[in-house]
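Here is the structure we will look at.
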Amino acid sequence: MSRFLNVLRSWLLMVSVIAMGNTVQSFRDHSFLSEKLYTGTPEFVNGLQARTFGIWTLLSSIIRCACAIDIQNRTLYHITLWTFVLALGHFLSEAFIYKTAPLTIGVMAPLIVASFSVIGMLIGFQCFPETQEEVRAQQKKRN
């Protein structure tokens, strides 16, 4: 396995652990979301919305952790990449379309993590070894 994929595995594991902490915080005290993320409209944040956010974050965390463990699983890798694309889309739309999450440090942090993760995972595609099916297809083309 390439050195880059090993670094990416560590990154995914670290992001996963941090997300688990955010999940606990969302379940423990919903004011966490209104004080750190959705400061533009804190009145929209309630316990139900915080628990839903917590479940979404937990699911993303589990997927990212699974990918860190089995980073050469292409299907899991694609799903993990989509967790970051969805998070990036969510926070960008909340900041610029719905205006519920102004660009504070609480919003910039997940935007930066998601952006770097998307870029890193796209670069990681170049480090994947070819599958046996791809090797066979190339050999058939040569013959």
Side-chain angles (χ1 to χ4, degrees), residues 1-42 44-141:
M1 184 179 339
S2 77
R3 186 176 199 180
F4 185 81
L5 285 181
N6 280 329
V7 170
L8 187 57
R9 288 174 80 181
S10 298
W11 172 260
L12 290 173
L13 188 60
M14 180 188 72
V15 170
S16 176
V17 169
I18 292 169
M20 285 184 193
N22 288 338
T23 297
V24 170
Q25 189 67 24
S26 292
F27 278 94
R28 209 178 96 222
D29 180 16
H30 77 271
S31 66
F32 161 75
L33 291 178
S34 60
E35 293 171 2
K36 302 291 184 203
L37 292 176
Y38 304 107
T39 57
T41 53
F44 288 173
V45 178
N46 59 37
L48 175 61
Q49 195 266 341
R51 291 187 300 276
T52 302
F53 182 87
I55 290 295
W56 170 54
T57 304
L58 179 61
L59 178 59
S60 295
S61 174
I62 291 167
I63 292 169
R64 294 165 185 172
C65 184
C67 186
I69 293 167
D70 187 14
I71 199 159
Q72 292 186 346
N73 180 327
R74 287 177 182 261
T75 302
L76 186 55
Y77 194 91
H78 285 101
I79 293 169
T80 303
L81 174 59
W82 275 105
T83 68
F84 289 114
V85 170
L86 291 173
L88 187 60
H90 169 73
F91 287 109
L92 286 173
S93 67
E94 293 299 328
F96 296 110
I97 296 171
Y98 302 111
K99 311 255 190 266
T100 59
L103 292 178
T104 62
I105 189 67
V107 175
M108 290 300 295
L111 283 173
I112 291 168
V113 168
S115 298
F116 278 111
S117 298
V118 167
I119 292 167
M121 293 194 77
L122 290 174
I123 292 169
F125 275 127
Q126 306 303 314
C127 302
F128 266 83
E130 291 184 19
T131 65
Q132 290 179 351
E133 294 164 354
E134 290 171 338
V135 171
R136 279 189 225 122
Q138 286 178 357
Q139 287 174 347
K140 285 182 181 179
K141 287 180 183 178

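Computed from a predicted model, the values in this text were never measured in an experiment.
- Considering CZ of Phe128 and CG of Leu5, their distance stands at 6.0 Å, rounded to 0.5 Å.
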Report task. Quick one: do Ile55 and Phe27 satisfy side chain to side chain contact (heavy atoms under 4.5 Å, CB included)? Show the steps, please. Result -> CA-CA 9 Å; Ile55 290 295; Phe27 278 94; 3.7 Å; yes

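- Closest non-hydrogen pair, Ala87 versus Trp56, comes out as CA-CZ2, 3.9 Å.
- The two residues Leu12 and Ala68 have their closest heavy-atom pair at CB-CB, 3.9 Å.
- Around atom CZ of Phe125, more than 12 heavy atoms belonging to other residues, nucleotides or ligands sit under 6.0 Å away.
- When atom types are taken as modelled, the side chain of Thr23 and the backbone of Leu58 share a donor-acceptor pair closer than 3.5 angstrom.
- Ile62 contributes atom CD1, which lies 6.0 Å from atom CE of Met20 (distance to the nearest 0.5 angstrom).
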Requested in this report: Check the pair Gln126, Phe4 against side chain to side chain contact (heavy atoms under 4.5 Å, CB included), reporting the backbone distance first and the verdict last.
Outcome: CA-CA 10 Å; Gln126 306 303 314; Phe4 185 81; over 6 Å; no

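- Atoms CD and SG, on Gln72 and Cys127 in that order, are 10.5 Å from each other to the nearest 0.5 Å.
- Of all heavy-atom pairs spanning Pro110 and Phe91, the tightest one is CB-CE1, 3.7 Å.
- How far CG of Leu88 is from CH2 of Trp82: 11.0 Å, rounded to the nearest 0.5 Å.
- Residues Ile71 and Asn6 have side chains not in contact (no heavy-atom distance under 4.5 Å, counting atoms from C-beta outward).
- Side-chain contact between Phe32 and Asn22 is present, with at least one heavy-atom pair separated by less than 4.5 Å.
- Considering every non-hydrogen atom in both Arg64 and Thr80, the closest pair reads CG-CG2, 3.9 Å.
- At a threshold of 4.5 Å between non-hydrogen side-chain atoms, the residues Phe44 and Leu33 do not count as touching.
- Between the CZ atom of Phe84 and the OG atom of Ser60 there is a distance of 8.0 Å, given to the nearest 0.5 Å.
- Contact detail for Leu103 and Ala95: the closest heavy-atom pair is CD2-CB, 4.0 Å.
- Under the 30°/60° scheme for interplanar angles, the aromatic rings of His90 and Phe53 are found to be tilted.
- Atom NZ of residue Lys36 and atom OG of residue Ser26 lie 13.0 Å apart, to the nearest 0.5 angstrom.
- In terms of heavy-atom proximity, Leu8 sits nearest to Gly120 at CD2-O, 4.0 Å.
- Under the side-chain hydrogen bond (donor to acceptor under 3.5 Å, both in side chains) criterion, Asn46 pairs with no residue at all, not counting sequence neighbours.
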